[in-house]
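All figures in this text were calculated on a predicted structure; none of them were measured in a lab.
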Amino acid sequence: MAMIPSFFDNRRGTIFDPFTWEPFKDFPFPPSSLVSHENSAFVNTRIDWKETPEAHVFKADLPGLKKEEVKVEVEDDRVLQISGERKVEKEDKSDTWHRVERSSGKFLRRFRLPENAKVDQVKASMENGVLTVTVPKEEVKKPDVKAIEISG
């Protein structure tokens with residue numbers, strides 16, 4: 001093994017350690033402190049949308065947020081908007097951070113509602129970090145069928 005050159009860290013005789021290897025350390029990416037955390041929170045907000053016979057149901061995973069930090073709105077042109085902000089944890093100068101993976105910042109998701117949505121009856125609830133937005137649907141109107149008598 002010592003005779004095989006290592007392609008990692010340009011050293012001979014070292015054993016590849018997958019737990020300490022950082023594959024992108026030599027790439028010209030901006031440091032993580034320069035990357036906007038607003039965008040990362042936006043990308044990480046996962047929302048499911050399902051349609052039942054009675055309603056459109058949206059479920060958003062928002063761990064660590066209180067209902068006061070989340071806003072649910074319906075715009076005039078039938079657009080459901082879910083937004084909020086995940087605050088950055090306060091830093092203590094004596095703390096040493098080893099990894100920051102939880103996103104913080106503002107998030108915003110928008111969904112155009114179909115014509116059968118009752119936008120004036122939208123309900124929202126939050127439990128255990130999951131926001132549930134229920135948009136009732138209009139009843140499907142069955143066409144009136146009138147039998148026509150055939151003469152002759």
* To do: Taking side chain to side chain contact (heavy atoms under 4.5 Å, CB included) as the test, write out the residues that go with Arg99, two or more places apart.
  => Glu101
* Asked: Of all residues at least two apart in sequence or in a different chain, which pass the side chain to side chain contact (heavy atoms under 4.5 Å, CB included) check with Asp77?
  -> Glu75, Val79, Arg112
* To do: Please state whether the rings of Phe111 and Phe58 are parallel, tilted or perpendicular, taking 30° and 60° as the class boundaries.
  => tilted
* Asked: Taking side chain as C-beta onward, heavy atoms only, is His56 less than 4.5 Å from Asn116?
  -> yes
* Structure fact -> Taken in chain and number order and not counting sequence neighbours, the residues that satisfy side-chain hydrogen bond (donor to acceptor under 3.5 Å, both in side chains) with Glu85 are none
* Glu51: what forms a side-chain hydrogen bond (donor to acceptor under 3.5 Å, both in side chains) with it, not counting sequence neighbours? -> Lys137
List the atom of [X], the atom of [Y], and the distance in Å for their closest heavy-atom pair.
X      : Y      : value
Ala55  : Pro136 : CB-CA, 3.9 Å
Leu108 : Ser83  : CD1-CB, 3.7 Å
Arg86  : Leu65  : CA-CD2, 3.9 Å

* Output the distance between atom OG1 (Thr45) and atom CG (Leu62), rounded to the nearest 0.5 Å. => 6.5 Å
* To do: Look up atom CG in Asp48 and atom NZ in Lys59, then write down how far apart they are to the nearest 0.5 Å.
  => 9.0 Å
* Asked: In terms of heavy-atom contacts, does NZ of Lys118 have more than 12 from other residues, nucleotides or ligands at under 6.0 Å?
  -> yes
* Do other residues, nucleotides or ligands put more than 12 heavy atoms under 6.0 Å from the CD atom of Glu68? -> yes
Donor-acceptor list for residues 125-134 side chains, cut-off 3.5 Å, not counting sequence neighbours:
none

* Residues in salt bridge (charged side-chain N to carboxylate O under 4.0 Å, His left out) contact with Glu69, at least two apart in sequence or another chain -> none
* Asked: When you measure from the side chain of Arg78 to the backbone N and O of Ala117, does any donor-acceptor pair fall under 3.5 Å?
  -> yes
* Val72 with Trp49, same ILVMFWY side-chain cluster at under 4.5 Å -> yes
* Asked: After noting the C-alpha distance and the side-chain angles of Thr52 and Lys50, does the key distance pass the side chain to side chain contact (heavy atoms under 4.5 Å, CB included) rule?
  -> CA-CA 7 Å; Thr52 68; Lys50 74 174 178 179; 4.1 Å; yes
